[in-house]
Novice: 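Encoded as structure tokens, here's the structure I'll be asking about.
Proteins come first, then strands; the chains are lettered A, B, ... in the order of their sequence lines, and each starts at number 1.
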Protein chains: 2
Amino acid sequence: MVTIYDIAEKANVSAMTVSRVINNTGKISDKTRAKVKKVMEELHYVPNHTARSLVLQQTRVLFLLITDITNPFYTTLSRGAEDAAKKSDYRLLFGNSDESLEKESDYLTTILSSRVDGVLIAPAGDPSFPHLDSLRKHNVPFVLLDREVPGIECDIVLGDSKEGARSLVDYLMSQGHRRIAMINGSSSISSARLRLQGYQEALKLNDLIYDEAYVHEASFGPQSDLAQIEQWLDSMEPMPTAIMAGNNVLAIEVIRLLRKRGLRIPEDQSIVCIDDFGPYSEMDPFMTVAAQQAYQFGYLGMQMLIERIQERNIAVPWKKIVLPAELIIRRSVLPISE
Amino acid sequence: MVTIYDIAEKANVSAMTVSRVINNTGKISDKTRAKVKKVMEELHYVPNHTARSLVLQQTRVLFLLITDITNPFYTTLSRGAEDAAKKSDYRLLFGNSDESLEKESDYLTTILSSRVDGVLIAPAGDPSFPHLDSLRKHNVPFVLLDREVPGIECDIVLGDSKEGARSLVDYLMSQGHRRIAMINGSSSISSARLRLQGYQEALKLNDLIYDEAYVHEASFGPQSDLAQIEQWLDSMEPMPTAIMAGNNVLAIEVIRLLRKRGLRIPEDQSIVCIDDFGPYSEMDPFMTVAAQQAYQFGYLGMQMLIERIQERNIAVPWKKIVLPAELIIRRSVLPISE
DNA sequence: GTGAAAGCGCTAACAG
DNA sequence: CTGTTAGCGCTTTCAC
């Protein structure tokens, strides 16, 4: 591995001069600069970021931890985060916790020990508290995405989950549906709780009875227990006419199971969900959704993070951005009349 | 920031002893070990990976560079890579080049200067040569994914692009289609070239004439020039009855443009593509595709990379894995009779 | 303009 | 079993 000393030797200068050329600091004669640059090229020199970070105590690297890399909500969010990071000349690294606390914990070790300058994180849920607490203890600036964690005060970008769920239920009502079930993510996730609340409130406002048997708690990620979901579907008596899924991944799981038992959508079973499907919705516009502004989550979150880093020592109050969801009506709901 | 010296001082031992406790090396009395561990916890010590990497000259971090984080092919591939990396206890970092040589180059700087142990990379195309060449020059083990780059000899996982394209055209033929157009990614990408070849060969085998006007070169990524695609669609006279897209992203773009002008799919225009849509295909199974084994790309690629790192100094011949694509017939193609 | 010395946090090699 | 020394590649400080 070529070091600045190799360059220095070959160029007949000191390592310090090479360092100055690399970083464009101090005063260097044009002649020396040219000579050093030439040697650097000849030797294919690449600065050792590791060594540099060690002495500088900063990396200019930011980390984005998402909970499901195959979910278009998060990948679109990632694009937003990338764009914002690039604009401020930060490098961005990604991690994928897969909605797993354990993997999140692994990434936290990586994050902490690699001394990145800041973190954008969609936490796995309330039990992520110790992870975030440790970021705070170690003085690593971070911004939360999509989910609040009780006890953690920080900058955050949120979707209006309650309103999103409510608008979906209202729409189903307007289409004549009265028996509406909900499948949701873990109640340890703030957005799941709010979505359930939105559902309950909408039922109440429309004078419908809330029945626990029509609500099932699974996982927002890829590790839902399918057998349990099937069992739930079997247990509802009578079957609901419409099902609302707490996110896009759950909607797909349910559809798959429904199809497996020969049901057609929407003819036999209407379905809606929160979160859109990114580009894939345009393929064959199918699912009626409360679409969240995924890109904005990433972009605004990253902006907040960078500001926070730059104003590190200034006491700026925590910011909270809540983005509304948009109801997009497609064809997964059958209008019915009683 | 807490260092091993802080621990050492408080525990009344030397830094070296602390280091040994952390790494579980050498012989330490249980008593000392317990004492050191206790102090470590009290002080919330986190090892400085940066410093450690500097002396160890290895990071135990692998890097996965994909070209489109919103493309389910790559996200599914990422899951495979993650799983394989985890199995061998490597950490994995992600980068997204967005099919852009410039961004790829940025990531290469990150990769090189952060001294990761190995790289799994889907190159932007043939012009990625210098990037890969520089990995080679710097002795960083890497495995290519999905695309070959002329002049680069290395381990690689490939899809059988030619056969995939051919099977799609054959299927269209079997459904009575004779005027088949193709929209493709850049010809500087090996897989795009092979897909075009597959298309051409299938036409030839079926005694159909290859007409350049029916072929359009756009981009596999999100930066296709939509105006040009529209112009191409306008220019075909007569319109093809079916269009084959070189990948999933292009298929969506074309569908969007087609819908914009009021055409229905498949009634007015049949369409097929290479690459499936991950979980989103199950939502409303629509597109007929030649599905590639995305997960396997990542998993097998990562395995090869890790083996290569472990056998760093042994001369093992380069491996090349070619994964077949699977034709999945759904409903984006209208059977026609002439 | 340029260089020498010291140190960022850690571990390998050796000594005891 | 534990400690001392040196050095990974770089930059800051201070000298000249």
Novice: With a 4.0 Å cutoff (strictly under), does any side-chain N or O of A:Q57 reach OP1 or OP2 of D:dT11?
Specialist: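 For D:dT11, OP1/OP2 do not have a side-chain N/O of A:Q57 under 4.0 Å.
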Novice: How close or far is atom P of C:dG9 from atom CG of B:D6, stated in whole angstroms?
Specialist: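 Roughly 8 Å, once rounded to whole Å.
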Novice: Strictly by modelled atom types, are A:K87 and A:Y299 linked by a side-chain donor-acceptor pair under 3.5 Å?
Specialist: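 A:Y299 and A:K87 do have a side-chain donor-acceptor pair below 3.5 Å.
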Novice: Would you say the ring centroid of B:F297 lies under 6.0 angstrom from that of B:F73?
Specialist: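 B:F297 vs B:F73: aromatic centres under 6.0 Å.
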Novice: Start at the 5' end of DNA chain C and walk down; is the nucleotide closest to B:T50 or to B:M16 reached first?
Specialist: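 Comparing both residues, the 5'-ward one is B:T50.
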Novice: It should be established whether A:T32 places a side-chain nitrogen or oxygen under 4.0 Å from OP1 or OP2 of nucleotide C:dT2.
Specialist: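 For C:dT2, OP1/OP2 do have a side-chain N/O of A:T32 under 4.0 Å.
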Novice: Of all the choices, C:dG9, C:dC8, D:dG3, which nucleotide is nearest to the side chain of A:V55 once you look at every atom?
Specialist: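 Of the candidates, C:dC8 comes closest.
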Novice: Do A:L145 and A:L64 make a side-chain contact, defined as non-hydrogen atoms from C-beta onward lying under 4.5 Å apart?
Specialist: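 Yes, at least one pair of side-chain atoms sits under 4.5 Å.
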Novice: Roughly how many Å is it from CG in B:N24 to P in D:dC1, rounded to a whole number?
Specialist: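 My rounded result for the distance is 14 Å.
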Novice: What is the separation between atom CG on A:L112 and atom P on C:dG9, rounded to the nearest whole Å?
Specialist: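 A:L112 atom CG is separated from C:dG9 atom P by 15 Å.
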Novice: Spell out yes or no: do the side chain of B:R20 and the base of D:dG3 have one donor N/O and one acceptor N/O closer than 3.5 Å?
Specialist: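 Between D:dG3 and B:R20, which were checked side chain against base, a qualifying N/O pair under 3.5 Å is present.
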Novice: On DNA chain D, nearest-nucleotide positions of B:V13 versus B:R115: which is more 5'?
Specialist: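 Closest to the 5' end, via its nearest nucleotide, is B:V13.
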Novice: Please tell me which of the listed nucleotides, C:dT11, D:dC10, C:dG1, lies nearest to the side chain of A:Y5?
Specialist: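 The listed nucleotide nearest to A:Y5's side chain is D:dC10.
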Novice: Mind checking A:I28 for me? I need base, sugar-phosphate or nothing, with any heavy atom below 4.0 Å counting as a touch.
Specialist: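 Sugar-phosphate, backbone atoms only, no base.
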Novice: Is the shortest side-chain N/O distance from B:S29 to OP1 or OP2 of D:dC1 below 4.0 Å?
Specialist: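 It does not, given that no N or O in the side chain of B:S29 lies less than 4.0 Å from OP1 or OP2 of D:dC1.
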Novice: Among the candidates D:dT11, D:dC10, C:dT11, find the nucleotide nearest to the side-chain atoms of B:I4.
Specialist: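 Within the option list, the nearest is C:dT11.
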Novice: Counting heavy atoms from C-beta on, name the nucleotide in D:dG3, D:dC1, C:dG1 closest to the side chain of B:K27.
Specialist: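 Taking heavy atoms from C-beta onward, the closest nucleotide is D:dC1.
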Novice: For the pair made of CZ in A:R52 and P in D:dT12, what is the distance, rounded to whole Å?
Specialist: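 Rounding to the nearest Å, CZ of A:R52 and P of D:dT12 are 8 Å apart.
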Novice: Determine: side-chain N/O of B:N23 to OP1/OP2 of C:dT11, distance under 4.0 Å, yes or no.
Specialist: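 Indeed, a polar side-chain atom of B:N23 lies that close.
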Novice: From CE of B:M40 over to P of C:dG9, roughly how many Å is that when rounded to an integer?
Specialist: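 Taking atom P of C:dG9 as the reference, CE of B:M40 is at 16 Å.
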Novice: Of all heavy-atom pairs between A:H49 and A:T59, which one has the smallest distance, and what is that distance?
Specialist: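 Residues A:H49 and A:T59, closest heavy atoms: NE2-O, 3.0 Å.
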Novice: Between A:I7 (CD1) and D:dG9 (C1'), how many Å, whole number?
Specialist: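 It is 12 Å, rounded to the nearest whole Å.
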Novice: Taking A:D155 first and then A:R308, would you say they form a salt bridge - that is, a charged N and a carboxylate O separated by under 4.0 Å?
Specialist: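 Salt bridge: yes.
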Novice: In whole angstrom, what separates B:L54's CG from D:dC10's C1'?
Specialist: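 Distance check: B:L54 CG to D:dC10 C1' gives 8 Å.
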Novice: Provide the closest heavy-atom pair for A:L120 versus A:M302 in the form atom of the first, atom of the second, distance.
Specialist: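 Reported closest heavy-atom pair: CD2-CE, 3.6 Å.
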Novice: Tell me: CZ of B:R33 to P of D:dC1, nearest whole Å?
Specialist: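 Rounding to the nearest Å, CZ of B:R33 and P of D:dC1 are 10 Å apart.
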Novice: If you assign each of B:A51 and B:S14 to its closest nucleotide in DNA chain D, which residue comes earlier from the 5' end?
Specialist: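 The residue whose closest nucleotide sits nearer the 5' end is B:S14.
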Novice: How would you label the contact of B:L56 with the nucleic acid (heavy atoms, under 4.0 Å): base, sugar-phosphate, or nothing?
Specialist: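 Since only primed, P, OP1 and OP2 atoms lie under 4.0 Å of B:L56, the category is sugar-phosphate.
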Novice: State whether B:T17 places a side-chain N or O below 4.0 Å from either non-bridging phosphate oxygen (OP1 or OP2) of D:dT2.
Specialist: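 So the side-chain polar atoms of B:T17 never come under 4.0 Å of the phosphate oxygens OP1 or OP2 of D:dT2.
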